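Worth saying up front: this structure is predicted, and the values here are computed from it rather than measured.
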There are 2 protein chains.
Amino acid sequence: MPRRNARERMLQAAQAVVTRIGAAHMTLDHVSATAGVSKGGLLYHFPTKEALIQALIENYIANFHVAISRELARQPKGTLREIKAHIVAGAKRDAKTRRLGAALLLAAAHDPKLLAPARMEFKRVFRRYDGVGKNSERAAEIALVCDGLHILELLGLMPYDNRRRAKMIRHMLRLVDIYEGDSAKSGGTCDGPSLKA
Amino acid sequence: MPRRNARERMLQAAQAVVTRIGAAHMTLDHVSATAGVSKGGLLYHFPTKEALIQALIENYIANFHVAISRELARQPKGTLREIKAHIVAGAKRDAKTRRLGAALLLAAAHDPKLLAPARMEFKRVFRRYDGVGKNSERAAEIALVCDGLHILELLGLMPYDNRRRAKMIRHMLRLVDIYEGDSAKSGGTCDGPSLKA
DNA sequence: GTCTATATCAAGATAGAC
DNA sequence: GTCTATCTTGATATAGAC
């Protein structure tokens, strides 16, 4: 009987361990104990520790995509509603999820290849932002603000409190709106004025 | 004889190793061999591997400050010249330095405490950006764009080529100018040529 | 096919010799 | 201050039990 659950259970256990003590301190013994299997059993499903972390990262990104889809349904019509959904979904991640993301990001230290999915994700996002409007620097600016916030928060480097953060999120959404409006106007230049708050 | 050089030599060796193969794959054996001492000798100066990495990180940040100071001397007068110097210095780091920074950042996976210096650095930067002007979201926006670019590049997540990147840097400097101009509520002293996209 | 038990090997850390 | 010898832990590899 190929128990589909076993693999899933091990992934969940790994996720729990990583969230609790970080990917760097996660050991195979720890995960297998949490999952209720032997180390060998774990290694049967994930031949190396890296494979396990890789699976966690893919899982994390997939979950994020689900969250974005959920937000997308709530966004009003608009060319860039997908981007806004991205921002809101990112803003809504809870502390536990963020901790998991940070741990996984840092786990890539052992193999830059592990960042490949993330790299693809960024490529996709930047292309998406770039594809709309005429001022691609402005677009990149928005992309960088969003993803900069995202990553700085993951790493715990963002010195904002909740109130400040909420204001910043609103500001970002406004940026998208303005950019969307500018892009829609055929003759409109994208410099300065419309960005003044 | 307390050889001041010994510690320094070991630090240099560690830096070389990290730059070459990454902090995760750096072993004490490797470093001690490169430095020409035994593992025990190395561990006398740096009681743990983490202590060694910590020293490398502090060294890295100190070097970055030196680079900023150098750029500061080249910047024309202006309220936010320090910020522009920061941007330019960040943009100018060579590949080797970037690789080192990335490795050190990722090394923090083993202990979030290692990120403490970086955290302090960001706090300082954001406060500096925040202190000038009235629109603090706008200021934060600039800060996030700069540091977002910085970190995404360190992690190799930035999908830009050199030309695109240069344009983005110029755009960022222009953002600072615009913000400075808005804050001063005067004509805005933009330094012409270097800011054209 | 799925797992347990056990073996191996690398690398961080410690103790004490010099 | 620095080295050698040794301990320990954790990641893999292997041998088979069910």
dG1(D) C1' sits how many Å from Asn5(B) CG, rounded? 14 Å
Which part of the nucleic acid, if any, lies within contact of Leu43(A), taking any heavy atom under 4.0 Å across all strands shown: a base, the sugar-phosphate backbone alone, or nothing? base
So OG1 of Thr27(B) and NZ of Lys39(B): to nearest 0.5 Å the spacing works out to 7.5 Å
Of the options dC3(D), dA13(C), dA11(D), whose atoms approach the side-chain atoms of Ser38(B) most closely? dC3(D)
Per the atom types in the model, does the base of dG10(D) pair as donor or acceptor with the side chain of Lys39(A) at under 3.5 Å? no
Taking for each residue the nucleotide of DNA chain D with the nearest heavy atom, is it Pro47(A) or Asp29(A) whose nucleotide lies nearer the 5' end? Asp29(A)
Might you point out which heavy atoms bring Thr97(B) and Tyr60(B) nearest each other, and give the distance in Å? O-CE1, 3.6 Å
Met26(B) CE to dA11(C) P: how many Å, rounded? 12 Å
Per atom distances to the Ala6(B) side chain, the nearest of dT12(D), dG12(C), dT2(D) is dT2(D)
Phe46(B) CZ to dT2(D) P, straight-line distance once rounded to whole Å: 11 Å
Looking only at side-chain atoms of Leu28(A), point me to the closest of dA13(C), dA11(D), dC3(D). dA11(D)
Classify Met10(B) by what it touches in the nucleic acid, base, sugar-phosphate, or nothing, heavy-atom distance under 4.0 Å. nothing
Can the ring centres of His150(B) and Phe64(B) be said to be less than 6.0 Å apart? yes
Look at the side-chain N and O atoms of His45(A) and state whether any lies under 4.0 Å from the OP1 or OP2 oxygen of dC3(C). yes
Tell me whether the count of non-hydrogen atoms from other residues, nucleotides or ligands lying under 6.0 Å of CG in Asp94(B) goes above 12. yes
side-chain N/O Tyr44(B) vs dT2(D) OP1/OP2, d < 4.0 Å: no
Taken to the nearest whole Å, CD1/Ile53(A) to C1'/dA11(D) is 12 Å
Just how far, in rounded Å, is C1' of dG1(D) from CZ of Arg7(B)? 14 Å
If hydrophobic clusters are built from ILVMFWY residues whose side chains come within less than 4.5 Å, do Leu105(A) and Met120(A) share one? no
Just the rounded figure in Å: distance from C1' of dT2(C) to CG of Leu42(A). 13 Å
To the nearest Å, how far apart are Leu52(B) CG and dA13(C) P? 10 Å
